[in-house]
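Since the structure is predicted, the reported quantities are computational estimates derived from the model, not experimental observations.
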Amino acid sequence: MSKFQDIMQRESGLQRHLGAGQMAMIAIGGAIGTGLFLGSSFAIGFAGPSVILSYAIGGLVALLLMGCLAEMTVAHPTSGSFGAYAEFYIGPWAGFLVRYLYWAAVVLAVGTEVTAVGLYMGYWYPDVPQWLWVVLFSAALIAINSTSVKAFGAVEYSFSMVKVVAIVLFILIGLYVVFASGRPEIGFHNYTAHGGFFPKGAWGMWVAVVISIFSYLSIEMIAVAAGEAQEPQRAIKSAFRSTLIRLLLFYLLSLSLMLAIVPWQDAGTDKSPFVKVMEVVGIPGAAAVLNFVVLVAALSAMNSQLYATSRMLFSLSRAGYAPRPLGRLNARGVPMAALGVSCAGIAVATVLNVWRPQEAFVFMMAIAMYGALFAWFMIFVTHLFFRRSWRASGDAPLGFRMWGYPYLSLLGAVLMLAIMATTLFTDIFRLTLLTGIPLTIVLALVYAIGYRGKDARAEHSS
């Protein structure tokens, strides 16, 4: 739509240096991380072998989300992405809430990742203070994000490649062990040999869907990166097709093989099920290898999340919802002030996590989970408004079309609402809504008091 060009012009100045391959790896790398390598053990503990269905349902939601997001991003490639779409197609208040809640979610998520880096390095260097690793790695990633988007893309591509190679090797080893090792205790009979396929019932399977969504989170960052892609329309379409196929294959294949090799009671412990599999197979140094992969996953998450937070603040500033200096770019096209404020927020989160680790971690993850889930829900809602507005305006045919509109967009929104509601009935996720809803109300009041009148006057004058 022609008027959206005003928002794209408002957010101009960022350099378009990300290639299609980098875009795909950013999306894949964002969704292959500690949520899979470590978080899958919690999901298995909730669901048993039916966790395969849990991740399939989560994968369906991710597929629908990527379809909606790809359609809007191909039409409007800008760094404000789903926040800018919500602002334009639903209303300024929606764009305000989506961007601030998502920014807070990602900042707090990085705060937990950065403390994890210290723990991972402690595996090899137990006598070195963990805060030293936190400072060193944080400084390195801040320097990378400060250099240029090209440097960010190159580093993130390398991080993501390490994770992808690790998953592919795991799948190849798993295929050999299941089909060629000849060990009678290993096989698909493990799916039903220990309490059946649904040992915790349908409710356990559904609760594990929440954890699966947490694992898939960050694939939406591809829409943020589209604002700095070389050929955004082609890059988004290519990345969408490759990302979903690879993600579903990686998640479902690795989990299916894992549960055929290790009984679910053993896999669903506090130790990574990937380590358990390699211990059963007898591969030496399994813990060290996985520690390296999870370290890379945490660094990758920090790298991409630093990027996303700086671009969200940049978008908020250019929209008039944050101080004007946060919307300024340096000579290399990097919003340094926005990056600096995001780093300050991460530093506060890190200090809290070190000072009161248990309480801070639970609280921060609850808000992070809520902000991310809210953003996903709003992407589906925004798509419904987007398509209706696009059709009414008679604009040119869409470069990419989400199938099954409006039914699949509605299905995605309903599933996200159900997932958000489920968090209230589980001990581990109960704080998600209990902290997220009050935060949303506070932000809504901030918008109503500070910005609604200004937006109404701007709309009237235009």
Colleague: Closer than 3.5 angstrom, by distance alone: can the side chain of T309 be matched with the main-chain N or O of V106 as a donor-acceptor pair?
Modeller: no
Colleague: Mind checking the OG1-CG spacing from T435 to L108? Nearest 0.5 Å is all I need.
Modeller: 9.5 Å
Colleague: Quick check, are the ring centers of Y100 and Y447 under 6.0 angstrom apart?
Modeller: no
Colleague: Quick one: pull up CE in M312 and OG in S79 and give me the separation to the nearest 0.5 Å.
Modeller: 8.5 Å
Colleague: Check the pair L316, L313 against side-chain contact (heavy atoms from CB on, under 4.5 Å), reporting the backbone distance first and the verdict last.
Modeller: CA-CA 5 Å; L316 282 162; L313 265 190; 4.2 Å; yes
Colleague: Does a side chain donor of either Y307 or E156 reach within less than 3.5 Å of an acceptor in the other side chain?
Modeller: no
Colleague: I want to check something: taking the side chain as every heavy atom from C-beta on, are M205 and F46 in contact at a cut-off of under 4.5 Å?
Modeller: no
Colleague: State, yes or no, whether a side-chain contact exists between R328 and P335 at a heavy-atom distance under 4.5 Å.
Modeller: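 With C-beta onward as the side chain, the pair stays apart.
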Colleague: Donor-acceptor check, side chain of Y85 to backbone of H76, threshold 3.5 angstrom: yes or no?
Modeller: yes
Colleague: Counting only N and O atoms by type, is there a donor-acceptor contact under 3.5 Å from the side chain of R10 to the main-chain atoms of D6?
Modeller: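 Side chain of R10 to backbone of D6, a donor-acceptor pair under 3.5 Å: no, none is there.
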Colleague: The test is side-chain contact (heavy atoms from CB on, under 4.5 Å); show your working for M402 and M72 and say whether it passes.
Modeller: CA-CA 9 Å; M402 167 66 178; M72 295 187 289; over 6 Å; no
Colleague: Within a strict 4.5 Å, meaning less than it, do heavy atoms of the W203 and F425 side chains meet?
Modeller: yes
Colleague: Would you say the ring centroid of F386 lies under 6.0 angstrom from that of W390?
Modeller: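 Yes, they do, as the ring centres are separated by less than 6.0 Å.
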Colleague: In plain terms, say whether K3 and E87 are close enough for a salt bridge, that is, a side-chain N and a carboxylate O under 4.0 Å apart.
Modeller: no
Colleague: For S81, is there any backbone N or O sitting under 3.5 Å from a side-chain donor or acceptor partner on T78?
Modeller: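 It does not hold such a pair.
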Colleague: Side chain to side chain donor-acceptor pair (under 3.5 Å) with Y55: which of S212, S40, S256, S215?
Modeller: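 By the side chain to side chain donor-acceptor pair (under 3.5 Å) criterion, Y55 pairs with just one of S212, S40, S256, S215: S215.
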Colleague: Are Y125 and W133 close enough that their ring centres sit under 6.0 Å apart?
Modeller: yes
Colleague: Below 4.0 angstrom, N of the basic side chain to O of the carboxylate: do D427 and R430 qualify?
Modeller: yes
Colleague: With side chains defined as the heavy atoms from C-beta onward, is the minimum distance between F82 and T73 less than 4.5 Å?
Modeller: no
Colleague: Does R332 reach the main-chain N or O of T147 with its side chain, forming a donor-acceptor pair under 3.5 Å?
Modeller: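 Flag set: sc R332 to bb T147 pair under 3.5 Å.
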Colleague: With rounding to the nearest 0.5 angstrom, report the CZ to CG distance, F429 to L424.
Modeller: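 Those atoms lie 13.0 Å apart.
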Colleague: So, for F314 and S12, which heavy atoms are closest and what is the spacing to 0.1 Å?
Modeller: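 Shortest heavy-atom separation between F314 and S12 comes out as CZ-O, 4.2 Å.
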Colleague: Walk me through whether N145 and V334 qualify under side-chain contact (heavy atoms from CB on, under 4.5 Å).
Modeller: CA-CA 8 Å; N145 275 269; V334 177; over 6 Å; no
Colleague: M369 vs V210, test: side-chain contact (heavy atoms from CB on, under 4.5 Å). Steps then yes/no.
Modeller: CA-CA 10 Å; M369 186 79 168; V210 180; 3.5 Å; yes
Colleague: How close do L255 and I44 get, counting heavy atoms only, and between which atoms?
Modeller: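 Reported closest heavy-atom pair: CD2-CD1, 4.5 Å.
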Colleague: Taking the side chain as every heavy atom from C-beta outward, state whether I441 and P438 have any pair of such atoms under 4.5 Å apart.
Modeller: no
Colleague: Looking at S254 and Y251, would you say the former's side chain and the latter's main chain have a donor-acceptor pair under 3.5 Å?
Modeller: yes
Colleague: Could you report the tightest heavy-atom contact between I219 and A62, atom names first, then the distance?
Modeller: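 Where I219 meets A62 most closely, the heavy atoms are CD1-CB, 3.7 Å.
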Colleague: Determine, using ring centers only, whether Y451 and Y321 are less than 6.0 Å apart.
Modeller: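 Ring centres of Y451 and Y321 closer than 6.0 Å.
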Colleague: Looking only at non-hydrogen atoms, find the nearest pair between F4 and A84 and report the distance.
Modeller: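 Heavy atoms only, the tightest pair is CE1-O, 3.9 Å.
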Colleague: Distance check, rounded to the nearest 0.5 Å: S158 atom OG versus L299 atom CG?
Modeller: 12.5 Å
Colleague: Please confirm whether the backbone N or O of R311 pairs with a side-chain atom of S315, one donor and one acceptor, at under 3.5 Å?
Modeller: no
Colleague: Kindly compute the distance separating CD1 (I213) from OG1 (T423), expressed to the nearest 0.5 Å.
Modeller: 12.5 Å
Colleague: Rounded at 0.5 Å granularity, tell me how far CG in L434 sits from CG in L439.
Modeller: 13.0 Å
Colleague: Which pair of heavy atoms, one from A47 and one from G204, lies closest together, and at what distance?
Modeller: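 Scanning both residues completely, I find the closest heavy atoms to be CB-O, 3.6 Å.
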Colleague: If I compare all heavy atoms of Y405 with all of L384, which pair ends up nearest, and what's the gap?
Modeller: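 The answer is OH-O, 3.5 Å.
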Colleague: Check the orientation of Y370 and F374. Use parallel for under 30°, tilted for 30 to 60°, and perpendicular for over 60°.
Modeller: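 Taking F374 first and then Y370, their aromatic rings lie parallel (interplane angle under 30°).
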Colleague: Tell me yes or no: between the side chains of S54 and W206, is some donor less than 3.5 Å from an acceptor?
Modeller: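 No, because no side-chain N or O of S54 sits under 3.5 Å from a partner of the opposite role on W206.
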Colleague: Keeping the roles fixed (side chain from S300, backbone from V296), state whether a donor-acceptor pair exists under 3.5 Å.
Modeller: no
Colleague: I want to know whether F385 and F88 have ring centres closer than 6.0 Å.
Modeller: no
Colleague: Between S146 and L339, is any pair of side-chain heavy atoms under 4.5 Å apart?
Modeller: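 Yes, at least one pair of side-chain atoms sits under 4.5 Å.
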Colleague: Ignoring hydrogens and geometry, is there a side-chain-to-backbone donor-acceptor pair from S342 to A338 under 3.5 Å?
Modeller: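 It does hold such a pair.
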Colleague: Is there a side-chain contact between Q305 and M221 in this structure, where contact means two heavy atoms from C-beta onward sitting under 4.5 Å apart?
Modeller: yes
Colleague: Inspect the surroundings of CZ in F292 and state if more than 12 heavy atoms from other residues, nucleotides or ligands are less than 6.0 Å away.
Modeller: no
Colleague: Checking E228 side chain against L14 main chain: does a donor-acceptor pair fall under 3.5 Å?
Modeller: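 Checking the backbone N and O of L14 against the side chain of E228, no donor-acceptor pair under 3.5 Å is found.
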Colleague: A side-chain contact here means heavy atoms from C-beta on lying under 4.5 Å apart; do I142 and F137 qualify?
Modeller: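 A side-chain contact is absent here, since even the closest heavy-atom pair is not under 4.5 Å.
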